[in-house]
Amino acid sequence: MLRSIAKRATLLKPRADSPIIPPLISSQSKLYSSKNAKASHGKSKKGDPKSKTKSKTGGSSSSVASSTGDDFDSAGADDFEAARARRLVEDENDPSLDVGPNGRPLFTSTPSLSLLTRKDCCSYMKFSENGLNQVLPEGLPTGMVTEFKESMRPALLVRQSFLDLRDNFRRIVDPPMWSSNAKAPKARKQIVLDGPVSCGKSIALAMLVHWARDEGWLVLYAPRGREWTHGGCFYKNSETGFWDTPIQAENDFLKYNESRLQQLPCQIFDPIRLGEGAGVGFMKGVESMALPEGATLYDLVQMGIKYTHAAVGVVVRLRKELSLVKDVPVLIAIDQYNNWFTFSEYEEPVTVRSCRPIHARELAMVNAFRSMIHEDMMVGAFSHSTAVGKLRLDLPDVPVGARVNMPRYSPDEAATVCHYYVRQRLVRREAFSEESWKKVYYLSNGNGAEMRWLLPLMRNKVELILVIIVPITAHRGLGGL
């Protein structure tokens with residue numbers, strides 16, 4: 001977590017490999033998380049009828065997709081994607097294809113997220129993959145990566161829900177830009193993004209981080225909040241009463257700008273209490289470490305990187321320091337935030353034959369960052385794909401009214417999305433019609449992932465329902481619509 005903070009300048013280059021949790025240093029550490037290994041081992045032995053159903057469904061979907069590929073090109077299924085990529089390169093020279101519903105431009109010409117207005121809604125904004133990797137070095141959301149891969153273009157739909165989220169925080173930092181006579185909604189410093197599966201919560205959060213960093217803000221972005229409560233090793237800190245997770249503290253955090261950290265002085269100089277290191281136990285003869293006079297946040301982070309015993313204590317101290325920063329706007333953005341309101345995968349031995357599950361609030365790092373009862377700007381996004389269960393409406397440590405429901409695609413947004421997929425050759429132009437895309441929209445109930453999966457099945461008006469109805473019921477695990 002901390003190691004990546006001070007090295008953002010080095011890690012700004014895009015990486016092709018996914019982040020890997022480093023292996024444990026020693027086998028003598030007290031407590032380790034091993035549920036993932038057990039779960040995968042058990043799944044490999046047992047036959048799951050649901051998985052068989054999914055495999056059969058996947059086979060039927062692939063056969064339909066291959067037949068669609070044959071319509072596009074006479075080459076085999078293996079060559080379809082390559083042929084599609086070649087044709088998309090050729091299409092770049094034909095601007096007449098960049099037309100959306102009712103003849104509107106399919107792509108916006110606005111150069112930055114800060115300049116987007118309501119007129120840009122229901123149009124796509126082009127990005128650079130290298131640019132996204134530089135602004136979001138912590139990693140892109142899974143939904144965004146999938147969208148780029150399937151559409152073969154790094155572009156995202158401009159939605160009104162994102163503009164409302166951006167303008168909410170813009171009003172907090174720069175209130176004079178809003179007219180006193182305008183009836184602008186009340187700005188909220190703490191927001192929890194909720195909504196149905198695949199409604200764009202994680203993408204909206206990532207774009208908010210992108211915008212804030214473009215504006216020069218200091219943003220703490222944790223795109224995988226679930227990993228704060230899963231994996232690695234964990235120790236009970238007898239002084240604080242919380243559980244320390246030094247692996248996450250060292251390697252699973254956002255990447256800050258090194259020069260920005262060097263400009264922000266520390267305002268708390270109390271010694272940092274040391275805990276157990278990752279697999280190495282306590283440091284002998286030393287209970288705390290003091291920061292030198294005139295130390296900056298960069299020096300604070302470097303202490304956590306150099307000494308694994310201080311890593312968790314440094315992260316907790318960093319949270320307090322961020323609340324005291326006044327020279328630059330600070331935003332805390334946490335994805336998979338709902339995982340912090342349920343049990344972690346860690347367990348505490350109670351007797352020889354029983355264990356007590358450890359709640360996420362008992363983890364030192366989660367406890368430091370979870371609360372929204374403060375004056376700092378903070379956004380948390382729920383991720384229902386992590387399946388933590390339904391949470392109550394009034395969450396602890398969250399202000400009343402902080403939860404905002406993100407909508408799925410509206411009919412106008414769905415129309416633009418379907419025209420965009422036609423532009424990207426996911427659908428044949430001769431098979432595309434207003435009646436067909438509306439059927440896909442209502443079958444998927446505005447779910448973006450399902451629309452992207454269903455649209456390539458579109459062949460003609462007569463066969464559309466026959467092609468779609470069986471795969472989508474199996475995909476949802478239903479016996480009928």
Closest contact, heavy atoms only, [X] versus [Y]:
X	Y	answer
Arg260	Leu218	CG-CD1, 3.7 Å
Leu395	Leu391	CD2-CB, 3.9 Å
Ala402	Gln190	CB-O, 3.6 Å
Arg370	Phe341	NH1-CD2, 3.5 Å
Val312	Ala364	CG1-CB, 3.8 Å
Gly195	Asn405	N-OD1, 4.1 Å

Stepwise side-chain contact (heavy atoms from CB on, under 4.5 Å) test for Ile203 and Leu140:
CA-CA 8 Å; Ile203 292 180; Leu140 305 181; over 6 Å; no
Polar side-chain atom of [X] near backbone of [Y] as donor-acceptor pair, under 3.5 Å:
X	Y	answer
Asn447	Ala449	yes
Thr110	Ser112	no
Lys201	His384	no
Asp167	Arg170	no
Arg392	Asp394	yes
His210	Ala206	no
Arg356	Glu348	no
Ser288	Ile272	no
Ser344	Ile358	yes
Arg171	Arg188	no

Less than 4.5 Å apart, side chain to side chain, heavy atoms only: is that true for [X] and [Y]?
X	Y	answer
Ser202	Thr142	no
Val330	Trp217	no
Met377	Pro329	yes
Ile268	Glu321	yes
Arg84	Gln424	yes
Val404	Asp194	no
Arg153	Glu92	yes
Met365	Arg319	no

Return yes when atom [atom1] of [X] has more than 12 non-hydrogen atoms of other residues, nucleotides or ligands closer than 6.0 Å, and no otherwise.
X	atom1	value
Glu293	CD	no
Lys126	NZ	yes
Glu287	CD	no

Distance check, rounded to the nearest 0.5 Å: [X] atom [atom1] versus [Y] atom [atom2]?
X	Y	atom1	atom2	result
Asn133	Ser128	CG	OG	8.5 Å
Leu208	Leu165	CG	CG	4.5 Å
Glu347	Cys355	CD	SG	5.0 Å
Ile334	Ile332	CD1	CD1	7.0 Å
Leu261	Cys266	CG	SG	9.5 Å
Phe269	Leu300	CZ	CG	10.0 Å

Judged by modelled atom types alone, do [X] and [Y] share a side-chain donor-acceptor pair under 3.5 Å?
X	Y	result
Asp164	Gln160	yes
Asp299	Thr296	yes
Ser114	Glu215	yes

For a ring-ring contact (aromatic ring centres under 6.0 Å, His included) with Tyr124, tell me which candidate from Phe148, Tyr421, Tyr420 qualifies.
Tyr420
Before accepting this row, confirm whether a basic side-chain N of the pair [X]/[Y] lies closer than 4.0 Å to the acidic partner's carboxylate O.
X	Y	value
Arg452	Glu150	no
Asp98	Arg423	yes
Glu276	Lys236	no
Lys149	Glu81	no
Arg273	Glu239	yes

Using the rule given for side-chain contact (heavy atoms from CB on, under 4.5 Å), can you reason through Met207 versus Met144, listing the C-alpha separation, both sets of side-chain angles and the distance that settles it, and then say yes or no?
CA-CA 10 Å; Met207 289 298 96; Met144 185 186 296; 3.7 Å; yes
For the pair Arg166 and Leu113, evaluate side-chain contact (heavy atoms from CB on, under 4.5 Å) and give the outcome as yes or no after the intermediate values.
CA-CA 9 Å; Arg166 179 204 64 182; Leu113 293 170; 5.6 Å; no
Please walk me through it: do Asn339 and Thr229 pass side-chain hydrogen bond (donor to acceptor under 3.5 Å, both in side chains)?
CA-CA 8 Å; Asn339 286 269; Thr229 62; 5.1 Å; no
Any chance the rings of Trp228 and Phe369 have centres within less than 6.0 Å?
yes
Parallel, tilted or perpendicular, judged at 30° and 60°: which one describes the rings of Phe234 and Trp243?
tilted
Please test Leu363 against Asn367 for side-chain contact (heavy atoms from CB on, under 4.5 Å), starting from the C-alpha separation and ending with a verdict.
CA-CA 6 Å; Leu363 306 179; Asn367 181 74; over 6 Å; no
